[in-house]
Protein chains: 2
Amino acid sequence: MGASIKDVARRAGVSVTSVSRVLNGEKYVSQELLDKVNRAIEELNYTPSHIARSLKMQKTNTIGIIVPDLTSQFCSTILSSIEETASAQGYNLLVGNIAESMEKELRYLRVFQNMRVDGIIVMHQKFNQDILEFFEHASMPILFSSVKGPSSSYLSVLIDDYQAAFDATEHLISSGHEKIAFIGGDLADITSGFSRYNGYAEAMKKHGIEPDPRFVKFGDYKLPSGRRLMKEMLGEDEWPTVVFAASDDMAVGALNCALDHGLKVPEDMSIMGFDGSLITEVVRPAMTSMQQPVEELGKKSVEYMHHMIVNPEFTFDSDIILQHRLVERESCRPRLAHA
Amino acid sequence: MGASIKDVARRAGVSVTSVSRVLNGEKYVSQELLDKVNRAIEELNYTPSHIARSLKMQKTNTIGIIVPDLTSQFCSTILSSIEETASAQGYNLLVGNIAESMEKELRYLRVFQNMRVDGIIVMHQKFNQDILEFFEHASMPILFSSVKGPSSSYLSVLIDDYQAAFDATEHLISSGHEKIAFIGGDLADITSGFSRYNGYAEAMKKHGIEPDPRFVKFGDYKLPSGRRLMKEMLGEDEWPTVVFAASDDMAVGALNCALDHGLKVPEDMSIMGFDGSLITEVVRPAMTSMQQPVEELGKKSVEYMHHMIVNPEFTFDSDIILQHRLVERESCRPRLAHA
DNA sequence: GTGAAAGCGCTAACAG
DNA sequence: CTGTTAGCGCTTTCAC
């Protein structure tokens with residue numbers, strides 16, 4: 001349909017080589033040739049085919065990205081940040097939203113492979129055998145962003161989730177709380193499920209506090225599960241003084257539930273979230289949260305990915321750990337020692 | 001680097017044609033040949049090159065999509081819905097987040113053109129001359145989703161924004177409000193700026209109510225602008241009884257501001273949003289909003305896009321208008337006639 | 001400075 | 001049923 005480099009060459013009365021040369025801004029071309037070619041390009045409304053070029057160069061300038069759930073604010077924010085640096089580095093983004101389905105994840109991985117993307121960024125953390133095998137055999141670099149990869153042979157860019165949850169819990173303890181509830185994710189998720197729970201549990205242990213099993217529950221990171229789990233807790237005859245959730249969405253769900261039950265937050269109960277997504281600033285009371293450096297997460301992910309693409313020999317001996325930061329807002333309040 | 005179809009052919013001791021045939025699941029292949037080829041594929045860990053195939057077929061099975069702002073919940077939800085149907089139809093998504101920059105939009109459009117995507121879905125509504133020219137000369141179908149395209153030669157899938165805003169305003173009026181404030185978007189945006197404002201204005205006019213200029217303001221659809229504009233209003237010596245915002249984010253910003261000023265919503269003032277994104281269910285009080293059928297918007301957009309791709313002759317004589325729906329929650333309350 | 005020609009990995013006549 | 005071959009649109013030696 002559209003004009004090809006051949007058409008341009010013919011029209012300009014030069015060889016395709018020359019056209020290619022001006023297309024790629026090479027030096028040794030005469031002004032005259034340059035003008036002729038540019039005129040022909042203009043007249044034919046020609047645009048070079050990235051496809052043909054990719055085939056020849058064995059390079060697509062495209063990064064595939066596996067997103068667990070586009071509707072999650074945390075994911076879309078990080079995606080936005082990834083897009084920003086990727087675009088600045090000249091990469092295009094092929095996105096696969098897998099809606100928590102490993103089948104779909106595998107399908108997208110295969111598509112990315114077929115598409116010969118230059119690299120794959122994975123934001124998902126639950127793998128099955130097929131997926132692991134794919135990673136194993138993949139012919140392009142794979143990097144895990146905001147989650148831990150399945151082994152140390154893959155580079156991960158993320159925070160120390162264990163430490164972050166530990167710090168958060170310890171903060172709560174040091175401000176006088178003891179009855180600290182925990183709403184976690186799936187323990188099969190190393191990063192946001194297991195590590196965060198573990199951080200909570202170890203901090204409790206360190207301070208000699210036995211977590212009350214009635215107040216340790218697990219959801220799916222999404223808002224409704226926070227609401228549901230909070231409701232269960234409020235059904236008990238005793239309540240925690242603070243609820244620490246492993247995602248902001250669950251924390252907000254818990255908050256909504258508490259509010260709808262007529263509780264005052266933080267007067268009657270404190271709530272703390274995890275991730276630091278936008279929603280924490282939007283709800284009232286604004287949500288205290290253990291914040292991930294989303295911008296940096298996206299930026300570093302793409303930078304390292306680029307590095308791995310350009311330099312296939314690149315080896316690393318540790319993950320890239322970014323700093324977490326507790327952002328205190330209104331949903332948490334110290335518990336008075338004598339209360 | 002990886003094996004090519006030639007390698008497979010050699011290994012299996014057959015011709016490349018035969019390999020191509022089993023790859024594409026054609027009928028007339030003997031069981032024996034099929035087995036040989038499959039074994040070779042397995043052994044070489046071969047995956048077909050989508051690139052080469054695209055070049056040959058002049059079809060990429062890829063749709064490019066221009067997103068105004070990934071961090072907006074409305075956008076990412078619609079993107080998610082688009083992804084879902086696209087993936088079901090066998091299309092992959094190349095996403096360009098343009099962060100409200102027309103320059104970046106143009107860059108992405110050109111990239112999409114070079115990449116020879118099969119079609120482009122645009123969710124942005126502000127165009128300059130270069131962009132319009134691009135649309136004009138583009139060699140692939142272009143469809144506008146949730147916004148109105150620049151002319152009737154492009155297909156748009158969207159709600160009737162004018163009517164929706166009109167209905168919303170009339171609903172407010174019929175429940176006793178007269179001092180109805182309006183927080184709009186940029187009037188240069190036909191769809192969500194101008195049309196919604198116009199719907200508001202016409203409904204007021206129809207009922208003989210003169211909008212108070214102090215209570216008609218324009219922001220950028222984002223939360224902070226709603227907050228800021230609400231603050232300005234609260235600085236006046238008289239207040240509206242209800243604020244109607246042209247986006248949920250601005251409505252929530254207004255809500256936050258009102259709450260932070262000690263107002264009770266909806267007792268002291270009602271607030272209504274537009275879009276019906278998730279956030280409306282999350283804030284307290286939950287936000288009444290004029291809802292767009294997001295799922296359907298995404299689904300229909302891809303379906304029509306597919307149709308246009310498959311059938312280049314496809315013509316249409318009108319846009320695809322989907323139904324809006326007012327979802328009443330707690331942030332709005334009728335105004336008593338005698339108050 | 002410029003051009004001819006080979007080839008990236010695949011599909012599709014066409015021939016057998 | 002199976003194989004030969006000519007491109008798809010580009011880059012890149014290697015000559016001139």
Side-chain angles (χ1 to χ4, degrees), chain A residues 1-38 40-41 44-62 110-118 139-140, chain B residues 1-38 40-41 44-62 110-118 139-140:
Chain A
M1 55 178 49
S4 82
I5 195 172
K6 233 176 191 164
D7 301 317
V8 176
R10 195 175 311 131
R11 176 106 183 189
V14 302
S15 75
V16 292
T17 315
S18 294
V19 179
S20 174
R21 285 199 179 105
V22 346
L23 248 33
N24 296 297
E26 281 179 38
K27 317 177 58 162
Y28 304 110
V29 284
S30 67
Q31 185 63 43
E32 186 197 9
L33 190 148
L34 201 150
D35 289 344
K36 277 195 292 189
V37 170
N38 277 331
I41 287 179
L44 294 171
N45 193 23
Y46 165 79
T47 53
S49 162
H50 187 98
I51 305 269
R53 167 178 258 213
S54 291
L55 179 59
K56 181 68 192 174
M57 310 279 275
Q58 302 290 59
K59 175 139 183 11
T60 53
N61 292 305
T62 299
R110 292 204 211 281
V111 167
F112 290 167
Q113 163 87 262
N114 292 351
M115 295 260 219
R116 305 293 193 258
V117 298
D118 294 338
S139 55
M140 64 280 286
Chain B
M1 58 175 46
S4 83
I5 195 172
K6 234 177 191 163
D7 301 318
V8 176
R10 196 176 310 131
R11 176 105 183 190
V14 302
S15 74
V16 291
T17 314
S18 294
V19 178
S20 174
R21 284 200 180 103
V22 345
L23 247 34
N24 295 296
E26 280 180 37
K27 316 177 59 161
Y28 304 110
V29 284
S30 68
Q31 185 63 43
E32 186 197 9
L33 190 147
L34 200 151
D35 289 344
K36 276 195 292 190
V37 171
N38 277 331
I41 288 179
L44 294 170
N45 193 23
Y46 165 79
T47 54
S49 162
H50 187 97
I51 305 270
R53 165 178 262 224
S54 292
L55 179 59
K56 179 68 192 174
M57 309 281 275
Q58 303 289 58
K59 177 141 183 7
T60 52
N61 291 304
T62 299
R110 291 204 213 281
V111 167
F112 290 166
Q113 163 87 262
N114 291 352
M115 295 261 219
R116 304 293 193 259
V117 298
D118 293 338
S139 56
M140 65 279 287

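The chains referred to below are lettered A, B, ... by the order of the sequence lines, with proteins before strands, and numbering in each begins at 1.
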For [N] and [X] - does any side-chain N or O of the residue sit under 4.0 Å from the phosphate oxygens OP1/OP2?
X	N	result
A:Gln31	C:dG1	no
B:Ser15	D:dG3	yes
B:Ser18	D:dG3	yes
B:Ser20	C:dC10	no

Next item on the list: Could you tell me which non-hydrogen atom of B:Thr60 sits nearest to which non-hydrogen atom of B:Arg116, and how far apart they are?
Entry: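 B:Thr60 and B:Arg116 have their closest heavy atoms at OG1-O, 2.9 Å.
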Could you please name the option among [options] that lies closest to any side-chain atom of [X]?
X	options	answer
A:Leu33	C:dG3, D:dT2, D:dC10	C:dG3
A:Ile5	C:dT2, D:dT11, C:dC10	D:dT11
A:Val29	C:dT2, D:dC10, D:dC1	C:dT2
B:Ala52	D:dT13, C:dC14, C:dC10	C:dC10
A:Val14	C:dG3, D:dT11, C:dG9	C:dG3
A:Tyr28	D:dT12, D:dG3, C:dG1	C:dG1
B:Ser4	C:dG9, D:dT2, C:dG3	C:dG9
B:Ser49	D:dG9, D:dT2, C:dG9	C:dG9

Taking the side chain as every heavy atom from C-beta outward, state whether [X] and [Y] have any pair of such atoms under 4.5 Å apart.
X	Y	value
A:Thr62	A:Met115	no
B:Val8	B:Arg11	no
B:Ser18	B:Val29	no

Check: If each of A:Val16 and A:Lys6 is mapped to the nucleotide of DNA chain D with the nearest heavy atom, which maps nearer the 5' terminus, i.e. the 5' end?
Finding: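 Looking at the nearest nucleotide for each, A:Lys6 comes out on the 5' side.
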Margin query: Using heavy-atom distances to pick each residue's nearest nucleotide on DNA chain D, tell me which of A:Glu26 and B:Met57 is more 5'.
Written below: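 Looking at the nearest nucleotide for each, B:Met57 comes out on the 5' side.
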Mind calculating the distance between [atom1] ([X]) and [atom2] ([N]) to the nearest angstrom?
X	N	atom1	atom2	value
B:Lys56	C:dG7	NZ	P	18 Å
B:Leu55	D:dA6	CG	P	18 Å
A:Arg10	C:dG3	CZ	P	14 Å
B:Arg21	C:dC10	CZ	C1'	14 Å
B:Lys36	D:dC1	NZ	C1'	12 Å

Next item on the list: Rounded to the nearest 0.5 Å, what's the gap from CG on A:Asn38 to CG on A:Leu33? Could you check?
Entry: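 The CG atom of A:Leu33 is 9.5 Å from CG of A:Asn38, to the nearest 0.5 Å.
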Next item on the list: To the nearest 0.5 angstrom, please state how far the CD1 atom of B:Ile51 sits from the NE2 atom of A:His50.
Entry: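 Atom-to-atom, B:Ile51:CD1 and A:His50:NE2 are 7.0 Å apart.
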Notebook entry, point to check: Does a distance-only test, which skips hydrogens and angles, find a donor-acceptor pair under 3.5 Å between the side chain of B:Thr17 and the base of C:dT11?
Noted result: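 Under the 3.5 Å cut-off, the side chain and the base do not form any donor-acceptor pair.
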Notebook entry, point to check: Got a donor-acceptor pair under 3.5 Å from the side chain of A:Arg116 to the base of C:dG9?
Noted result: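 Between C:dG9 and A:Arg116, which were checked side chain against base, a qualifying N/O pair under 3.5 Å is absent.
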Give every donor-acceptor pair under 3.5 Å between a side-chain atom in residues 20-27 of chain B and any protein atom, sequence neighbours left out.
{"unit_1": "B:Ser20", "atom_1": "OG", "unit_2": "B:Asn24", "atom_2": "ND2", "d": "3.4"}
{"unit_1": "B:Asn24", "atom_1": "OD1", "unit_2": "B:Arg53", "atom_2": "NH2", "d": "2.0"}
{"unit_1": "B:Asn24", "atom_1": "ND2", "unit_2": "B:Ser20", "atom_2": "O", "d": "2.8"}

Next item on the list: Dump the intermediate steps for side chain to side chain contact (heavy atoms under 4.5 Å, CB included) on A:Met140 and A:Val117, then the final yes or no.
Entry: CA-CA 8 Å; A:Met140 64 280 286; A:Val117 298; 4.0 Å; yes
Next item on the list: Determine to 10° how strongly the helix from C:dG1-D:dC16 to C:dG16-D:dC1 is bent, judged from the axes of its five-pair ends.
Entry: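 About 40°, once rounded to a multiple of 10°.
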Check: Looking for any heavy atom pair under 4.0 Å, which part of the strands does A:Ile51 touch: base, sugar-phosphate only, or nothing?
Finding: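 No contact at all - A:Ile51 keeps every heavy atom at 4.0 Å or more from the nucleic acid.
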